[in-house]
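Contents: one structure, followed by commentary.
Keep in mind it's a predicted model, so treat the numbers as computed, not measured.
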Amino acid sequence: MNFPPLYLFSGLGADERMFQFLRLRHPAPVVVQWVSPEPGATLAHYARQLLPQLPAATEPPVLVGLSFGGMVAQEIAKLIPVRKVILLSSLANTEELPGHYRVGGFLRLQKWLPFGLAQYCPAPGEWLFGARTAQEKQVFRAILRETDIDFLRWSLRAILEWRHRAEVSEKLVIIHGDRDKILPVPHYPHVQLIKGGEHLMVMRRAAEVSSLINAHLT
């Protein structure tokens with residue numbers, strides 16, 4: 001069976017460990033690696049920085065983006081032809097970004113909040129993101145310890161400044177948990193809801209997420 005190229009974009013400050021529980025039928029998925037953003041980079045500019053990791057192929061790729069990675073994937077899709085963009089726990093319309101994020105951005109909280117403290121007190125983050133099992137907490141805490149705080153602050157600013165509204169298209173697939181505390185369920189036709197899914201359903205509900213992704217790979 002022939003598969004199109006498959007690129008995975010992880011969450012904010014995260015890496016390929018977020019996808020370790022997925023069981024995808026694709027023989028060679030590629031996890032795009034985050035790079036340092038250029039000074040003053042917007043999300044659109046950052047997408048261009050990542051393009052060298054997506055070499056030209058004979059057919060358009062499938063992009064799978066988790067949370068922040070889904071936002072980046074949508075910007076990538078404006079630059080190259082794609083077969084599908086699959087959003088996991090992500091945002092399809094910036095007008096739907098919860099108001100408390102906008103208030104925090106107006107107050108510039110992303111510039112001075114002590115994000116490093118989360119490394120020493122991960123329990124609130126585990127509850128917020130939905131890391132429940134010992135294995136999920138282990139992965140979550142490891143990523144917290146290794147998160148680049150400067151990258152985190154830049155990305156939060158870039159998200160707040162991002163302006164995007166997804167057009168209804170058969171190329172866009174949205175998979176979201178109905179108990180996500182980080183981002184609301186997008187108001188978009190045919191959202192594929194995972195009952196009880198939280199923001200990190202890619203780990204806890206990996207079997208269901210894998211099944212939904214696999215359905216769009218052929």
The criterion is side chain to side chain donor-acceptor pair (under 3.5 Å); which residues satisfy it with Gln20, sequence neighbours excluded? none
Looking at Gln49 and Glu38, would you say the former's side chain and the latter's main chain have a donor-acceptor pair under 3.5 Å? yes
Side chain proximity check, Ile175 to Ile194, heavy atoms < 4.5 angstrom: yes
Can you confirm whether more than 12 heavy atoms, excluding those of Glu161, are under 6.0 Å from its CD atom? yes
Passing candidate, side-chain contact (heavy atoms from CB on, under 4.5 Å) with Val62, options Lys84, His26, Lys171: Lys84
Using atom types as modelled and distance alone, determine if a side-chain donor or acceptor of Trp34 lies under 3.5 Å from a backbone N or O of Gly11. yes
With no hydrogens and no angle check, is any side-chain donor or acceptor of His187 less than 3.5 Å from a backbone partner on Glu96? no
Pairwise side-chain contact, Leu54 with Leu63, heavy-atom cut-off 4.5 Å (strictly under): yes
Side-chain ion pair, Arg141 and Glu126, N-O less than 4.0 Å: yes
Is His199 reaching over with its side chain to a backbone N or O of Leu128, donor-acceptor style, under 3.5 angstrom? no
Check whether Tyr46 reaches the backbone of Ser36 with its side chain - one donor and one acceptor, N or O, closer than 3.5 Å. no
Does any part of the side chain of Val85, heavy atoms only, come nearer than 4.5 Å to the side chain of Gln74, both counted from C-beta? yes
Is any side-chain heavy atom of Leu160 closer than 4.5 Å to one of Thr94? no
Keeping to residues at least two apart or across chains, list the salt bridge (charged side-chain N to carboxylate O under 4.0 Å, His left out) pairs with something in residues 184-201. Arg132-Glu198, Lys181-Glu198
Salt bridge (charged side-chain N to carboxylate O under 4.0 Å, His left out) contacts in which one or both residues fall within residues 62-74, not counting sequence neighbours: none
Residue pair Ser89 / Leu66, side-chain heavy-atom distance below 4.5 Å: yes
